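These notes are about the structure you will find just below.
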Amino acid sequence: MLRSHTCGELRIANVDQQVTLCGWVDKYRDHGGTMFLDLRDRYGRTQVVVNPDSGTDNVEVAKKLRGEDVVLIEGVVSARLMGKDNMKLPTGEIEIRATRVQLLNRSLTPPFFPNQEELPGEDLRLKHRFIDLRRSSMQETLILRAKIIKAMRDYFADNDFIDVETPILGRSTPEGARDYLVPSRVHWGQFFALPQSPQLYKQILMVAGYDRYVQVARCFRDEDLRADRQPEFTQLDMEMSFVDANDIIAMIDGLMVQLADKMLGIPLTTPLPRMTYDEAMRRFGSDCPDLRFGMEIVDCSDLAAQTSFRVFRGAVDEGGHVRGIKVDRRAEEFSRKRIDELTEFTKNDFGAKGLAWFRVEQDGSLWSPISKNLEPAVLDGIKSRFQAEPGDLILMLADTWEVTCKGLNGLRRRLGAELQLYDPKQMHFSWVVEFPMFDKDEESNRWVAMHHPFTAPRSQDLESLKKSPGDCRAQAYDLVINGYEAGGGTIRIHDHSTQQDVFDLLGMTAEMARDRFGFLLDALSYGAPPHGGIALGIDRIVMLFARLDNIRDCIAFPKTQRAMDLMTEAPGSVEHKQLHELHIQVETPPAKS
RNA sequence: GGGGCCGUAGCUCAAUUGGUUAGAGCACUGGACUGUCGAUCCAGAGGUUGCGGGUUCGAGCCCCGUCGGCCUCGCCA
């Protein structure tokens, strides 16, 4: 090592020691005779003093130093002059009196500085990620990420899990998300797919008797990006044999207790709260509700059925619902303009036809543009159903079940954030369980698997599997943290005939199933144990534990919303020769390289 | 594919209803200064207002297109 110490470790106890430090020039303050250099590495910052005692050559080198130059400093640890301590720094009681100043490498003037207070635009940060990653907040996040992954690995190792790697080059399956494809050179016109998850492999491992499997697995999905979605992301993937849903949940409960304790010092009590999917949709309109605050959905469909007001009555007559949420005591904060914005929000983002609203006046009456259309009994009913008090604001949607869920969930999340209805440091962990097995695809009017087609139905729902698939509930569980889906898993089907029933229901013939998943069906036929597992979104968990609001800040080299890496400029075009070897022709040649 | 926000000096931002030579802080360059830690002081350099077109006597500002970043619906576990 060129250095004897890091820039974060020297203290008053080290005074008089001869040391060598290496790092980047974080800041320089040149007073002519005396010069101060703040030397930075990932461990901290240490002040270096260069003055005539350091020697003319060293002064000359120091004078020319600028931010982000890389230097080596030899010197003696000294207590700072009386009253010159900097209590903002852990090293603020000492300084290095330089006896040698060596420039290890000059830096160009960077487009931005790691220590600058205003964050540059994200495109600039991504293009110069090597600078951005020097920022202490990025370093803290990546260090937290490493700690979380270490804690996860330790936890599963302690519980006798075996870490097994699964292929990156796999086979495309038409289920689920769009695949990233990799052309095969050897096999003309054929493609590998990058894994969306190691789902099938881990099930095979269970059949093979590796009854506790774990992997930190990179996954790929070629779908549009979001603040919490990247095209490649990392899962803590695990699978267990001879278990039921409670066993998996308990295992993850234990992990969350450790993570919350070790990373945040937050004590969690287990079992973590659970809620069924149906209850979550009814009370919060979401399968991953943010439970840090209330503002639960109130259903007034029965009241709406009694009115002659067409908007309400019509929605119910058409099989829809009239539901709403209530803002407590803060109606005066909602101008007409703000309510109009919320109305546009529900229309544009969730396809609602409109947003009905009521303000509770001081006399207890409900004021609304539509009050005159509603019978007094109905207004009274709404008021008491919401337990409305003067100053409250009620927001209601009259629409299909789905639109009321999405719209009210959207409103609830938005208002929860805007009105600061929760402490941003608060963390809420819970489970949503008993998801439906199937979802009706509107376009083709066919059943599609809500999770994936290997999900086992609840044993008591086996009857409904064929009779009324919409009522069939799965042995599925999602981990929800602060309104984010942090992970999800299921107990899998382990017998061939149930698996075939599900394939049938999904409109998959035996031939199709054999063609796509033949190896899995084979495996299930050779002594498959009951098994199940879960995958946790590591990027999202890091985001939540770091209290960040986007996943890119938790990933060293993330992609932009258009799935580009601005630093490497990937994806890029390739040589014609490469395409030729792969037997690929590009339909429309790119306009420019 | 749809909706929205943004793009002005290296960086962060400002610029009256569309009106003279587009400004500030930081950074940068040169100089001064032996105790600063957001050092200070003096001087200087730095701009095709993302790009292309249009409207106008006149466009950073208005309109159309396009490129890029972000948020979001669809999509996606």
Side-chain angles (χ1 to χ4, degrees), chain A residues 26-38 45-54 59 66-68 80-89 91-92 95 97 108-113 115-128 131 175-179 196-197 199 219-231 233 235 287-288 341 344-352 403 406-407 410 413-414 432 435 439 442-443 449-452 455 476 478-480 484-490 534-537 540 549-550 552 559-562 564 566 591-592:
Chain A
D26 194 60
K27 208 80 188 172
Y28 62 94
R29 294 175 293 280
D30 185 352
H31 289 247
T34 298
M35 198 179 163
F36 301 95
L37 297 171
D38 289 342
R45 261 163 54 189
T46 300
Q47 173 164 289
V48 175
V49 182
V50 183
N51 61 22
D53 296 342
S54 306
V59 169
R66 292 295 178 269
E68 302 311 304
R80 292 197 183 186
L81 299 186
M82 195 69 97
K84 301 296 182 185
D85 295 349
N86 182 355
M87 298 321 281
K88 289 181 199 163
L89 289 181
T91 62
E95 62 194 7
R97 297 192 165 262
L108 295 174
T109 301
F112 59 95
F113 287 88
N115 60 11
Q116 74 184 46
E117 60 284 9
E118 306 107 332
L119 208 55
E122 189 159 4
D123 44 352
L124 201 73
R125 291 175 52 207
L126 292 174
K127 182 170 170 55
H128 305 274
I131 306 292
E175 301 290 323
R178 192 177 294 114
D179 284 321
Q196 296 177 24
S197 78
Q199 183 60 40
C219 306
F220 306 85
R221 289 176 193 163
D222 188 4
E223 296 292 345
D224 286 351
L225 277 54
R226 286 286 188 284
D228 62 349
R229 269 167 30 195
Q230 281 276 302
F233 56 102
Q235 289 188 341
D287 63 357
C288 50
E341 283 169 5
E344 286 307 304
F345 173 60
T346 56
K347 284 183 179 174
N348 286 334
D349 280 12
F350 308 107
V403 170
K406 288 179 180 174
R413 283 172 189 265
R414 176 170 169 164
V432 172
F435 280 70
D439 213 5
E442 295 299 331
E443 285 177 29
M450 193 145 176
H451 196 94
H452 55 58
T455 300
D478 276 9
L479 176 67
V480 179
Y484 284 89
E485 181 197 327
T490 63
I534 192 168
L536 305 178
R540 281 187 192 170
D549 59 5
N550 87 70
R552 293 181 302 279
K559 308 240 178 332
T560 67
Q561 191 159 57
R562 291 187 61 252
M564 296 240 317
L566 295 183
K592 42 186 171 178

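As the structure is a prediction and not an experimental result, all values here were calculated from the model. Below, read A as the first sequence line, B as the second, and so on, with proteins coming before strands; counting in each chain starts at 1.
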* Verify the contact: side-chain N or O of A:K406 to OP1 or OP2 of B:rG74, cut-off strictly under 4.0 Å; return yes or no. => yes
* To do: Report which part of the nucleic acid A:N86 touches: base, sugar-phosphate, or nothing (heavy-atom distance under 4.0 Å, all strands).
  => base
* **Residue-phosphate contact under 4.0 Å: A:T560 side-chain N/O, B:rG69 OP1/OP2** => yes
* Could you please name the option among B:rG35, B:rC73, B:rG69 that lies closest to any side-chain atom of A:D349? => B:rC73
* Check if the side chain of A:R80 and the base of B:rC37 share a donor-acceptor pair of N or O atoms closer than 3.5 Å. => yes
* Asked: Looking only at atom C1', what distance separates B:rG47 and B:rG7, rounded to whole Å?
  -> 15 Å
* The side chain of A:V49 lies closest to which of these nucleotides: B:rG35, B:rU29, B:rG10? -> B:rG35
* Asked: Counting only Watson-Crick or G-U wobble pairs whose two distances fall under 3.5 Å, which nucleotide matches B:rC26?
  -> B:rG10
* Send over the distance from A:H128 NE2 to B:rU12 P, rounded to a whole Å. => 11 Å
* To do: Take atom CG of A:D228 and atom C1' of B:rC70, then tell me their distance rounded to the nearest Å.
  => 14 Å
* So, is A:K84 near the phosphate of B:rU36, with a side-chain N or O under 4.0 Å from OP1 or OP2? -> yes
* A:R226 CZ - B:rC73 C1' separation (whole Å) -> 7 Å
* Asked: From the list B:rC73, B:rC33, B:rG38, which nucleotide is the closest neighbour of the side chain of A:H31?
  -> B:rC33
* With rounding to whole Å, what would you report as the distance between B:rC75 and B:rG2 at their P atoms? -> 16 Å
* Considering only B:rA77, B:rU36, B:rU72, which nucleotide approaches the side chain of A:Q561 most closely? -> B:rU72
* **side chain to side chain contact (heavy atoms under 4.5 Å, CB included) partner of A:Q47, chosen from A:N86, A:D26, A:D38** => A:D38
* Please work out if A:M35 contacts a base, only the sugar-phosphate, or nothing of the nucleic acid, heavy-atom cut-off 4.0 Å. => nothing
* Asked: Under 4.0 Å: is that the gap between some side-chain N or O of A:Y28 and OP1 or OP2 of B:rC28?
  -> yes
* Rounded to whole angstrom units, what separation is found between the CD atom of A:Q235 and the P atom of B:rA77? -> 11 Å
* In whole Å, what separates the P atom of B:rC51 from that of B:rG35? -> 47 Å
* Structure fact -> A:A177 and A:R221 have their tightest heavy-atom pair at CB-CG, 3.8 Å
* May I ask you to verify whether the side chain of A:R29 and the base of B:rC33 hold a donor-acceptor pair under 3.5 Å? => no
* If you look at every strand shown and take non-hydrogen atoms under 4.0 Å, does A:D30 touch a base, only sugar-phosphate, or nothing? -> base
* Using a heavy-atom cut-off of under 4.0 Å over every strand shown, decide if A:Q196 touches base, sugar-phosphate, or nothing. => sugar-phosphate
* Counting only distance, no hydrogens or angles, is the base of B:rG35 paired donor-acceptor with the side chain of A:R97 under 3.5 Å? -> yes
* For B:rA27, take OP1 and OP2 only and decide whether either is under 4.0 Å from a side-chain N or O of A:Q116. => no
* Neighbour count >12 (heavy atoms, 6.0 Å) for atom NZ, A:K127 -> no
* Asked: Contact class for A:G351 vs. all strands (heavy atom < 4.0 Å): base, sugar-phosphate, or nothing?
  -> nothing
* Base B:rG25 paired with A:E117 side chain (donor-acceptor, <3.5 Å) -> no
* To do: Using a 4.0 Å heavy-atom cut-off across all strands, classify A:L89 as base, sugar-phosphate, or nothing.
  => nothing
* Euclidean distance for P, B:rG30 against B:rU12 (whole angstrom) -> 25 Å
* **Side chain A:R221 and base B:rC76 donor-acceptor under 3.5 Å** => no
* Donor-acceptor pair under 3.5 Å: do we get one between A:R552's side chain and the base of B:rG69? -> no
* **Between B:rC37 (P) and A:K88 (NZ): distance, integer Å** => 9 Å
* Asked: B:rC64 and B:rG25: how far apart are their P atoms, nearest whole angstrom?
  -> 37 Å
* Interatomic distance, A:D224 CG vs B:rC73 C1' [rounded to whole Å] -> 11 Å
* Nucleotide paired to B:rC41 in any strand shown, Watson-Crick or G-U, under 3.5 Å -> B:rG31
* To do: Give a yes/no on whether any side-chain N or O of A:R45 is located under 4.0 angstrom from OP1 or OP2 of B:rC37.
  => no
* Verify the contact: side-chain N or O of A:R562 to OP1 or OP2 of B:rC67, cut-off strictly under 4.0 Å; return yes or no. => no
* To do: Using a heavy-atom cut-off of under 4.0 Å over every strand shown, decide if A:G488 touches base, sugar-phosphate, or nothing.
  => nothing
* Is A:D85 touching bases, backbone alone, or none of the nucleic acid, heavy atoms closer than 4.0 Å? -> base
* Structure fact -> Side-chain contact check for A:K27: nearest option of B:rG35, B:rG38, B:rC75 is B:rG38
* Under the 5.5 Å and 30° test, is A:F112 stacked on the base of B:rC11? -> no
* To do: Could you walk me through whether A:R66 and A:E68 pass salt bridge (charged side-chain N to carboxylate O under 4.0 Å, His left out), step by step?
  => CA-CA 6 Å; A:R66 292 295 178 269; A:E68 302 311 304; over 6 Å; no
* If you take atom types as modelled and just measure distance, does the side chain of A:Q47 reach the base of B:rU36 with a donor-acceptor pair under 3.5 Å? -> yes
* What nucleotide, of B:rU36, B:rC71, B:rA27, holds the atom closest to the side chain of A:E95? -> B:rU36
* Asked: B:rA32 and B:rG69: how far apart are their C1' atoms, nearest whole angstrom?
  -> 43 Å
* Asked: Just how far, in rounded Å, is P of B:rG1 from CG of A:L225?
  -> 15 Å
* Rounded to whole angstrom, note down the C1' distance from B:rG74 over to B:rC13. => 35 Å
* Spacing of the P atoms in B:rU49 and B:rG60 (rounded, Å) -> 7 Å
* Asked: What is the nucleic acid contact for A:F345, judged by heavy atoms within less than 4.0 Å: base, sugar-phosphate only, or nothing?
  -> nothing
